Protein chains: 2
Amino acid sequence: MIRRLSQARERGIPEATVARLPLYLRALNGMSERGLATVSSEDLAMAAGVNSAKLRKDLSHLGSYGTRGVGYDVEYLIYQISRELGLTQDWAVAIVGVGNLGRALANYGGFVSRGFRVAALLDADPEVVGDRIAGLNVEHIDELEAVIRRRGVSIVVLATPAAAAQQVADRVIAAGITSILNFAPVVLSVPEGVDIRKVDLSIELQILAFHEQRKTDRMTGGPAMAEEWPEAVDL
Amino acid sequence: MIRRLSQARERGIPEATVARLPLYLRALNGMSERGLATVSSEDLAMAAGVNSAKLRKDLSHLGSYGTRGVGYDVEYLIYQISRELGLTQDWAVAIVGVGNLGRALANYGGFVSRGFRVAALLDADPEVVGDRIAGLNVEHIDELEAVIRRRGVSIVVLATPAAAAQQVADRVIAAGITSILNFAPVVLSVPEGVDIRKVDLSIELQILAFHEQRKTDRMTGGPAMAEEWPEAVDL
DNA sequence: CCCACTTTGTGCACCGGTTCACAAAGGGAC
DNA sequence: GTCCCTTTGTGAACCGGTGCACAAAGTGGG
Ligand SMILES: NC(=O)c1ccc[n+]([C@@H]2O[C@H](COP(=O)([O-])OP(=O)(O)OC[C@H]3O[C@@H](n4cnc5c(N)ncnc54)[C@H](O)[C@@H]3O)[C@@H](O)[C@H]2O)c1
Ligand SMILES: NC(=O)c1ccc[n+]([C@@H]2O[C@H](COP(=O)([O-])OP(=O)(O)OC[C@H]3O[C@@H](n4cnc5c(N)ncnc54)[C@H](O)[C@@H]3O)[C@@H](O)[C@H]2O)c1
């Protein structure tokens, strides 16, 4: 009778699906704003930039929330995806490292819109500590553990220089945090059970450069055949 | 005889491999600075945070550059990976949208270090145009095509609000650009042959939240069994 | 020159994810 | 109630990528 607790639901949702749910959610929010009541997998897939079979399979992992012959109820689906992603609660985020990037992130509005609240800013530089940014006081990194506890922080964004990142990560983890978004260009080593996601601008550019090179190579007739180590080897 | 143009080399390198090459490169640069001459797949894999079989298979796609019983020559491998990624030339990058994020990117040093040069900053806001940031004048978006041509820009970073991103992308592509790094939270639709990579902070946080929720659910004995649409459905 | 040791390069089995294609389900018309 | 139309949900084939495990290749010592 409890048909709604669908078969596929009981065991975990594939990682690839999780990564796409926010995309669907964004598209659905747009549709909700435009007053659409229902949407077909075809249309939603189009809006999210994926193939419709994939979209249906993804949604089927959360349950059987569509109506054959009709589509999905926009509001209902928004609710289900939000719940699945844990966005029905709000999350306190701390940003550690309030430099160029940390400031940009702190001032960024798109954050709050989706249940994330910047609850603390932390830095090691006495020059920076005490600054007021986006309505928050920058606190000293020495206060890290206390601040995390006091503000109920559960996600930490790392925007320190690469050299400091591992050390800060260790402290943050010791303080009980298990979700970290890392902007520093280093491979963090963390214990089992801690989730790290990284954003690395430089890697993205290098991947683009690779493909760009391929494209221009193709036009100019391939790379030079000389695949050898050129003279300039100074070691 | 031309043993070096290895078997695996002739056809394209797997996308997953391309995405890891920058990681290896970063690790190798660290080793080079510390004066290491050679490195084993085991050690390099460790430093890059991957499994050593994967590393060897990745490298084998570029050619057979290791020495059995010894390992890889650090400098030589740096050169080969750099060449493969197209980092032996330098790339002129334009940043469109010089707000919070655009400024942070413009001021970011880690860029230049790897063959990428911020060659132009563009914005639509007359308030911003003319500002001098990181040694560059912010130019008006009307100048887009001319600036791209004049500075030899081949990669564009989009840091405009979401609402403007598609429109800017269209113009940039019309101007001949085929590599775009998009920070705006929208799915850009682009013609065949144009490479888009996106960085979406909000998606990363949502993925972290999903896992964080799972972790805490596990401790508190799973989510409430009520999977139903709660009362508050206002449609 | 040969043997013991190290480390690469890769064949192969496996796995998660994608896509196709279709049966099953629901809606609406009459 | 029956029929037709639309659209979902999913079985199954396929595909790219991963990791094990080992033969091949190279080094160094005697
Ligand atoms: N700015 C960008 O666009 C950009 C892009 C990609 C990656 N990154 C990376 O993000 C990180 C931050 O970049 P940024 O440009 O903001 O650098 P930044 O130097 O402007 O800021 C770093 C901040 O971290 C603080 N800090 C240093 N050690 C600390 C510690 N132990 N604890 C707490 N705070 C500490 C510094 O005081 C400084 O305020 C770097 O790792 C950088 O490589 C930046
Ligand atoms: N700031 C962040 O940390 C952050 C994080 C993730 C994503 N983003 C995304 O990055 C983008 C920029 O964020 P931001 O915080 O810098 O916003 P912002 O409003 O501070 O800056 C946007 C800039 O783009 C300019 N602009 C607007 N329309 C333009 C057009 N048609 N052509 C050229 N320039 C135009 C504006 O004048 C402004 O200077 C947004 O899409 C945002 O969602 C920002």
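All values reported here derive from a predicted model rather than from experimental measurement. Order of the sequence lines fixes the chain letters, A, B, ..., with proteins taken first and strands second; residue numbering starts at 1 for each chain.
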Output a table of nitrogen or oxygen pairs between the protein and nucleotides 14-16 of chain D separated by less than 3.5 Å.
none

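- When rounded to the nearest whole Å, the span between OH of A:Y65 and P of C:dG26 equals 16 Å.
- Under the side chain to side chain donor-acceptor pair (under 3.5 Å) criterion, B:Y24 pairs with B:R20, B:D58, not counting sequence neighbours.
- Dashed line: the shortest gap from a side-chain N or O of A:S64 to OP1 or OP2 of D:dG9 is under 4.0 Å.
- Following rounding to the nearest Å, B:K57 (NZ) and D:dC20 (C1') show an atom-to-atom distance of 10 Å.
- Note: A:Y72 and A:Y65 fail the aromatic proximity criterion, with ring centroids not under 6.0 Å apart.
- Note on A:S40: every side-chain N or O is 4.0 Å or more away from OP1 and OP2 of D:dT7.
- Regarding B:E42, its CD atom lies at a distance of 13 Å from the C1' atom of D:dG19, rounded to whole Å.
- Contact check, A:S41 against D:dT7: no side-chain N or O comes under 4.0 Å of OP1 or OP2.
- Taking all atoms of both residues into account, the shortest heavy-atom contact from A:D43 to A:M31 is O-CE, 4.2 Å.
- Note that OG1 of A:T67 and OH of A:Y76 are 9.5 Å apart. Values are rounded to the nearest 0.5 Å.
- Remark: A:S82 OG to B:Q206 CD distance equals 8.0 Å, nearest 0.5 Å.
- Regarding B:H61, its NE2 atom lies at a distance of 11 Å from the P atom of C:dG11, rounded to whole Å.
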Can B:E204 and A:V199 be said to form a side chain to side chain contact (heavy atoms under 4.5 Å, CB included), step by step?
-> CA-CA 9 Å; B:E204 299 302 325; A:V199 171; 4.1 Å; yes

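- Rounded to an integer number of Å, the gap from NZ of B:K54 to P of C:dG11 is 19 Å.
- Here C:dG26 is the nucleotide among C:dC20, C:dG26, D:dT10 with the atom lying nearest to any side-chain atom of A:T67.
- As rounded to whole Å, 16 Å separates atom C1' of D:dT8 from atom CD of A:Q80.
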Might you list the N or O atoms of the protein lying below 3.5 Å from N or O atoms in nucleotides 22-24 of chain D, with each pair's distance?
residue : atom : partner : partner atom : Å
D:dA24  : N3   : B:R68   : NH1          : 2.6

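- The distance from atom CG of B:L59 to atom P of C:dG9 is 8 Å, rounded to the nearest whole Å.
- Residues that satisfy the side chain to side chain donor-acceptor pair (under 3.5 Å) test with B:S32, not counting sequence neighbours, are B:E75.
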Enumerate all atom pairs, one protein N or O and one N or O from nucleotides 28-30 of chain C, separated by less than 3.5 Å.
none

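- Between A:Y72 and D:dG9, a side-chain N or O to OP1/OP2 separation shorter than 4.0 Å is present.
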Listed pairs under 3.5 Å, donor-acceptor, residues 172-186 of chain B side chains, sequence neighbours left out:
residue : atom : partner : partner atom : Å
B:T178  : OG1  : A:E212  : OE1          : 2.9
B:T178  : OG1  : A:E212  : OE2          : 3.4
B:T178  : OG1  : A:K215  : NZ           : 3.0
B:S179  : OG   : A:E212  : OE1          : 2.4
B:N182  : OD1  : B:A184  : N            : 2.9
B:N182  : ND2  : B:A184  : O            : 3.1
B:N182  : ND2  : B:V186  : O            : 3.4

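- Heavy-atom minimum distance, B:L44 versus B:A27: CD1-CB, 3.8 Å.
- Rounding to the nearest 0.5 angstrom, the gap separating the CD1 atom in B:I207 from the CG atom in A:D195 is 10.5 Å.
- Remark: B:E42 does not engage B:R56 in a salt bridge, criterion side-chain N to carboxylate O under 4.0 Å.
- Remark on DNA chain C: of its neighbouring residues A:N51 and A:T17, the 5'-side contact belongs to A:T17, judged by nearest-heavy-atom nucleotide.
- Here the C1' atom of nucleotide C:dT8 and the CG atom of B:D73 are 15 Å apart, to the nearest Å.
- Within the model, atoms CG of A:L205 and CG of B:L85 stand 11.5 Å from one another, a figure rounded to the nearest 0.5 Å.
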